[in-house]
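Numbering of ligands and ligand atoms starts at 1, following listing order.
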Amino acid sequence: MSEIAGPAAAALSSLCPDDVIFLQSLPKAELHAHLNGSIPIKTILELAQQYSPSSAQTTEVADTIEKLKSGVILTEIFDFFSLMPAIYALTSTLEAVVTVTRAVLQSFLNPTGDGTESPQCAYLELRTTPRTTTHMTRERTYPATQAALIVSIDRRMSDLDVEECISLAIEMKNRGRRVVGIDVCGDPRSGDMRSFTRHLLRAKDAGLGLTVHIAESTRNTTEDSLALLSCRPDRLGHATFLSDELKALFFADIPQPGTECSSLSECFKISKRYKPCMEICLSSNLLCKTVVSLDAHHIRYYLKNDHPIVICTDDALPFRTSCLGEYSMLLAQPPLGLGLSRDDVARIAQMGMDAAFLRPRD
Ligand code: IMP
Ligand code: ZN
């Protein structure tokens with residue numbers, strides 16, 4: 001497994017060996033990991049070495065590789081997206097996609113490659129945005145109970161591209177390939193989510209799980225969140241800036257604040273029984289500076305309100321984290337962690353397993 005650094009590493013190194021063994025032994029579900037954001041550093045360096053310097057992107061690739069090696073420092077969340085073109089340049093061939101897919105699956109499920117180290121997680125839903133073709137489910141090494149694919153729709157996609165990717169996902173699912181869900185991701189400033197909803201609902205109707213990156217930045221509007229929530233996703237990614245009004249409106253058991261929202265409520269015919277699982281990515285939020293500290297993190301709100309959550313890595317390559325690192329931040333004492341009890345951490349891990357799309361959905 002790649003070395004971790006930053007807040008996850010600090011939390012992990014503060015734990016006693018017994019706590020680390022406890023965390024390692026917990027069955028964990030990794031449900032929010034992006035393929036191209038999770039490539040082990042060793043693999044991306046190998047691809048960079050083989051990269052032909054004929055392209056105009058050579059300098060961009062070299063700069064990004066330097067950043068990844070020394071530790072990415074982001075001023076704001078939008079800086080994250082500027083890392084991706086260089087990574088895509090290195091993973092643009094079928095051969096490279098197969099290489100990184102193998103490497104990412106191995107890093108989560110068989111870190112040393114020979115089964116001598118326990119997997120980072122018991123179950124992995126890896127997500128990726130189809131580019132020209134989809135090759136992901138070629139990988140048959142890991143059983144269906146251990147790994148599955150989520151097809152990511154990028155917010156920048158045209159209506160036609162969204163339609164095509166959703167059709168592809170449905171078709172693959174119907175052919176018995178291991179596609180279990182649809183995700184909406186990409187730069188939070190782009191795309192009109194109102195035009196995505198009919199496609200997302202078609203995917204749901206076809207039996208695919210639905211997860212969406214939502215309210216990830218202050219630039220996401222209420223209309224944007226409402227459009228996505230109107231599809232009733234099974235899980236929500238980040239949801240950092242979801243307003244109290246929307247939380248009260250949509251989620252069961254969360255008390256309504258003073259604000260008036262009955263018209264929205266009527267408009268969306270909301271049942272209070274909707275309780276989507278929140279995909280929480282602590283290192284990602286801290287390093288993208290959408291959350292200032294663990295103390296201020298919205299995970300506290302969801303824990304307090306007994307709302308389902310799952311702990312995830314998001315993009316282990318730039319955020320230099322791991323499943324163990326993220327769970328360490330639950331158990332470590334403040335300010336390195338949330339200082340939760342082992343019982344609470346075990347309960348959270350179970351909530352994550354329960355939120356997998358693999359389960360027959362009710
Ligand atoms: P890929 O889908 O396997 O190519 O993984 C990388 C892509 O995932 C990026 O280009 C983004 O579109 C998306 N992504 C990764 N992390 C985030 C995030 O935190 N927010 C929104 N999109 C993200
Ligand atoms: Zn993400």
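Between Asp159 and Arg198 a salt bridge is recorded (basic side-chain N to carboxylate O distance below 4.0 Å). The residues Arg131 and Asp154 are annotated as not salt-bridged, no charged nitrogen and carboxylate oxygen being separated by less than 4.0 angstrom.
The single protein non-hydrogen atom nearest to atom 1 (P) of ligand 1 is Thr128 OG1, 3.4 Å, given as residue, atom name and distance. Remark: minimum distance from atom 8 (O) of ligand 1 to any protein heavy atom is reached at His34 ND1, 3.0 Å. Looking only at protein heavy atoms, the nearest one to atom 22 (N) of ligand 1 is Gly186 N, 2.9 Å. Here the heavy atom of the protein found nearest to atom 10 (O) of ligand 1 is Tyr88 OH, 2.8 Å.
Between the choices Met84, Glu216, His32, His213, the shortest heavy-atom distance to atom 19 (O) of ligand 1 belongs to Glu216. Nearest residue to atom 16 (N) of ligand 1 from Val184, Leu126, Asp315 is Asp315 (criterion: closest heavy atom).
When non-hydrogen atoms are compared, ligand 1 lies under 4.0 Å from neither the backbone nor the side chain of Asp187.
By the rule that hydrophobic residues join a cluster once side-chain heavy atoms approach within less than 4.5 Å of another member, Leu336 and Leu286 end up as members of separate clusters. By the rule that hydrophobic residues join a cluster once side-chain heavy atoms approach within less than 4.5 Å of another member, Val212 and Leu201 end up as members of separate clusters.
There is a side-chain donor-acceptor pair under 3.5 Å between Asp354 and Gln350.
Looking only at distances, a side-chain donor or acceptor of Asp79 sits under 3.5 Å from a matching main-chain atom of Glu76. Distance alone, capped at 3.5 Å, places no donor-acceptor pair between the Lys289 side chain and the Ile77 backbone.
If you number the atoms of ligand 1 from 1 as listed, the ones under 4.0 Å from a heavy atom of Leu35 come out as 3 (O). When each atom of ligand 1 is checked for a heavy atom of Asp314 under 4.0 Å away, the hits are 16 (N), 19 (O). Using a 4.0 Å cut-off to heavy atoms of His238, the atoms of ligand 1 that qualify are 19 (O). Atoms of ligand 1 lying under 4.0 Å from any heavy atom of Phe81, numbered from 1 in the order shown and given with element: 11 (C), 20 (N), 21 (C), 22 (N), 23 (C). Heavy-atom contacts of Asp154 reach the following atoms of ligand 1: 12 (O) (cutoff under 4.0 Å). Atoms of ligand 1 found under 4.0 Å from any heavy atom of Arg127, numbered from 1 in the order shown, are 3 (O).
The Zn ion (ligand 2) sits nearest to atom OD1 when only the N, O or S atoms of Asp314 are considered. Nearest N, O or S atom of His32 to the Zn ion (ligand 2): atom NE2.
Between His34 and His213, the ring planes are tilted. Angles from 30° to 60° get that label.
The side-chain tip of Lys247 points at the ring of Tyr301 from less than 6.0 angstrom away and within 45° of straight on. The side-chain tip of Arg189 does not point at the ring of Phe81 from less than 6.0 angstrom away and within 45° of straight on.
The distance from the Zn ion (ligand 2) to the nearest N/O/S atom of His34 is under 2.8 Å. Contact annotation: His213 places an N, O or S atom under 2.8 Å from the Zn ion (ligand 2).
Atom-to-atom distance recorded for Ser82:OG and Glu60:CD is 8.0 Å, nearest 0.5 angstrom.
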